[in-house]
Amino acid sequence: MRILKLLILVLVLGIPSKTSAQEIYNTDYSFTIEGLPAGENMRLAYYLGEKQYIKQEVLSQEGGLVTFKIDTLHVGLCMLVFPDNNYFEFVAKEPRVIMKTNKDDVIGAMEVIASEENAKLYEYLKYNNQRQMDFQKLEANTELSDAQRATVQMDMEQKGKEKREEFIEKYPESYLAQLIASSIEYEPKEAPAGLSEDEISAYTFYDYRKHYFDNIHFSTSEILYSPVFHPKMMAYIDQLTVPQPDSLIVAADYILKETSANDEYFKYTLITLLNKFAKSNVICQDEVYLHLIDTYYLNGKAVWMDEEGLSKLKTSADNLRNNLCGRLAVNFELPDVNGANQSLYAQSADWTILAFMQTDCIPCEKTLEELSKLDQSVLPSFNVVTVFAEGDKPAWKGVLMEKTKSNWVNLMNIGDLLNAERDYNVQSFPTLYLLDKEKRIVLKRISVSQISDYLKSLTN
């Protein structure tokens, strides 16, 4: 029996869409579990992407009987979850399911009384369970050499592959066939003759990437309600795509085009990608986030969003437009400690560290101390420009005397002459930028150590 590590105890809101979910109505699901006491809290849960959601909770009855009667349920892979979060899976595709098993040997003792889909599923799971035991016996066999063990293992892998294909051919219209097929990795075609080793590697990679989603049929959302699609999508983004904004944008657009055949797939994919890049700690990937908002949310393609939600996203996007990596930083002119106006672009240096700060801010003081310790003798020529939010001037001058160097340019944003939130997306303090000689944004929202590492890399 498996252990459920993450169980979200909420209900998902229905998805209004032109392409409705594959649903079953007035379900009657009955499970008899030998060894299960009466009065146990049992939960029927379903997958949606990477998460699991509770659909209904009931108490077990005498004899280990657990019954669920549900008005509407998405077709997909579901779980019967025990109080200790152990669980077993079953297919929800028919309105009536009757299954019987033993709490201590769910798969081995499973008897499917009424459900063709689950009879097929457990035929496969029992085969797979036996196969795993065979692998364990092989690993424990000390009489075989490593070479012999590898040969036997390869033979078992090949037989497993053939068995999976056999199940697909045997039950082509089943949910099991969809699960197996969507989990099978595409095998790249043999590269043309005459290519170099590097060319063969490139050919193999791009052929694999091109056909990566071939076995998922996006016209139906049934596999979305399983644990298959989400990790496959994340692997495409994280492992098969160069982690640069341009490449990630192309990859995101490709997946969204593929999933647009089904409204549920499209919605899940767009929300998931937006959240991923909104939370990304990788420097400069916010360009992907901005692209998703502009291209899809603000272009009328996120039909589930209300005006308030779209307005918040627009504000978030607008705060990024002026400070994307590779673009010229917005110029500004602010007073220094002596009251003289200083322009950002007037500061001549190969590199400029632009630091947004505020007084009475312990993290800011720590960052200033770290900046003051940067060794200019071993790093490329750089200047530091601090911009403090408007505050108590004596306190500001005290911080400058204690924490900064005399050659720094220290400014205060009097009267919010600079819209730091809009032009530099300053949401908290401290916020650091690294600008090149032309005041082009190279790094943003980074630490002092990251700046130091980057500048050191330029000297190596």
Side-chain angles (χ1 to χ4, degrees), residues 1-6 50 77 79 85-89 101-111 119-172 174 176-216 223 226-243:
M1 195 186 306
R2 303 179 189 179
I3 298 176
L4 188 63
K5 294 182 179 178
L6 176 63
E50 69 169 336
L77 195 65
M79 297 165 284
N85 279 353
N86 279 310
Y87 70 99
F88 66 85
E89 295 168 329
T101 190
N102 186 289
K103 187 175 183 291
D104 298 322
D105 183 18
V106 170
I107 294 178
M110 181 62 72
E111 179 184 354
K120 296 165 185 173
L121 175 67
Y122 274 87
E123 180 185 347
Y124 178 74
L125 290 180
K126 287 182 179 182
Y127 154 75
N128 207 43
N129 204 34
Q130 181 60 52
R131 185 166 172 267
Q132 290 177 359
M133 288 190 288
D134 292 342
F135 271 111
Q136 291 171 359
K137 290 178 182 178
L138 176 63
E139 288 297 319
N141 190 338
T142 58
E143 297 179 1
L144 296 177
S145 67
D146 289 345
Q148 290 173 323
R149 185 177 291 106
T151 300
V152 175
Q153 186 170 341
M154 286 179 62
D155 181 62
M156 291 173 66
E157 291 285 1
Q158 180 61 32
K159 288 180 179 177
K161 177 183 173 183
E162 293 170 357
K163 194 69 175 179
R164 288 192 295 270
E165 293 173 351
E166 180 184 313
F167 270 100
I168 294 173
E169 293 176 3
K170 186 178 179 181
Y171 305 122
S174 68
L176 172 65
Q178 287 191 66
L179 273 178
I180 297 174
S182 60
S183 302
I184 293 176
E185 292 290 329
Y186 171 77
E187 295 185 6
K189 297 190 291 288
E190 185 176 348
L195 298 182
S196 68
E197 188 174 329
D198 288 344
E199 289 171 334
I200 291 173
S201 295
Y203 178 90
T204 301
F205 172 78
Y206 286 110
D207 183 55
Y208 175 77
R209 193 170 184 267
K210 179 180 179 181
H211 295 279
Y212 185 74
F213 291 109
D214 279 4
N215 290 331
I216 295 184
I223 292 301
S226 80
V228 173
F229 174 67
H230 181 88
K232 197 171 183 73
M233 174 177 64
M234 290 296 103
Y236 186 88
I237 293 291
D238 295 334
Q239 300 171 27
L240 300 181
T241 305
V242 177

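Basis for what follows: all heavy atoms, side chains included, without hydrogens, waters or symmetry-related copies. What you see is a predicted model; the values in this text were computed from it and never measured.
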- Query: Side-chain contact, heavy-atom cut-off 4.5 Å: P192 with Y203?
  - Reply: yes

- Message: How about CE on M133, more than 12 heavy atoms from neighbouring residues, nucleotides or ligands closer than 6.0 Å, or not?
- Response: yes

- The reported gap from CD in E89 to CG in L125 (rounded to nearest 0.5 angstrom) is 7.5 Å

- Message: The test is side chain to side chain contact (heavy atoms under 4.5 Å, CB included); show your working for D207 and H211 and say whether it passes.
- Response: CA-CA 6 Å; D207 183 55; H211 295 279; 3.3 Å; yes

- Task: Could you pull out the closest heavy-atom pair between N215 and A181, with the gap in Å?
- Result: CB-O, 3.0 Å

- Message: I want to know whether Y171 and Y124 have ring centres closer than 6.0 Å.
- Response: no

- Query: CG/D146 to OG1/T151 distance, rounded to the nearest 0.5 angstrom?
  - Reply: 10.5 Å

- Message: F135: which residues meet the ring-ring contact (aromatic ring centres under 6.0 Å, His included) condition with it, sequence neighbours left out?
- Response: none

- Message: If you compare all heavy atoms of K126 against all heavy atoms of I107, which two are closest, and at what distance to 0.1 Å?
- Response: CE-O, 3.0 Å

- Approximate separation, where rounding is to 0.5 Å, of H230 NE2 and M234 CE: 5.0 Å

- Nearest heavy-atom neighbours spanning V106 and T101: O-OG1, 2.7 Å

Donor-acceptor contacts, no H, no angles, side chain residues 159-168, under 3.5 Å, sequence neighbours left out:
from : atom 1 : to   : atom 2 : distance (Å)
K159 : NZ     : D155 : OD2    : 3.3
K161 : NZ     : E187 : OE1    : 3.4
K161 : NZ     : E187 : OE2    : 2.8
E162 : OE2    : Q158 : NE2    : 3.2
K163 : NZ     : E166 : OE2    : 3.3

- If you look at every heavy atom in P172 and A177, which pair is closest and at what distance? O-CB, 3.9 Å

- So which heavy atom on F205 is nearest to which on L240, and how close? CZ-O, 3.5 Å

- What do you reckon, is CD of E185 surrounded by more than 12 foreign heavy atoms closer than 6.0 Å? yes

- Do the side chains of R209 and Q239 get nearer than 4.5 Å, heavy atoms only? no

- Query: K232 and F213: which non-hydrogen atoms are nearest, and at how many Å?
  - Reply: CG-CE2, 4.3 Å

- Between T241 (side chain) and D238 (backbone), is there a donor-acceptor pair under 3.5 Å? no

- Note on the structure: Distance col, row E139:CD vs L144:CG, nearest 0.5 angstrom, shows 10.0 Å

- Message: Does K210, at its NZ atom, have more than 12 non-hydrogen atoms belonging to other residues, nucleotides or ligands within less than 6.0 Å?
- Response: no

- Should the ring pair Y186 and Y208 be called parallel, tilted or perpendicular, given that the plane angle runs from 0 to 90° and is split at 30 and 60? tilted

- Message: Go through it in stages, so that I can follow the logic: the residues are M156 and Q153, the test is side chain to side chain contact (heavy atoms under 4.5 Å, CB included), and I'd like the CA-CA distance, side-chain angles, deciding distance and then a yes or no.
- Response: CA-CA 5 Å; M156 291 173 66; Q153 186 170 341; 5.6 Å; no

- Query: Looking at I223, I216, V228, which one forms a side-chain contact (heavy atoms from CB on, under 4.5 Å) with S183?
  - Reply: V228

- Note on the structure: One should read off an interatomic distance between I180 CD1 and K120 NZ, to the nearest 0.5 angstrom, of 11.5 Å

- Message: Closer than 4.0 angstrom, basic N to acidic O: yes or no for R131 and E157?
- Response: yes

- Query: CG/N129 to CG/D105 distance, rounded to the nearest 0.5 angstrom?
  - Reply: 7.5 Å

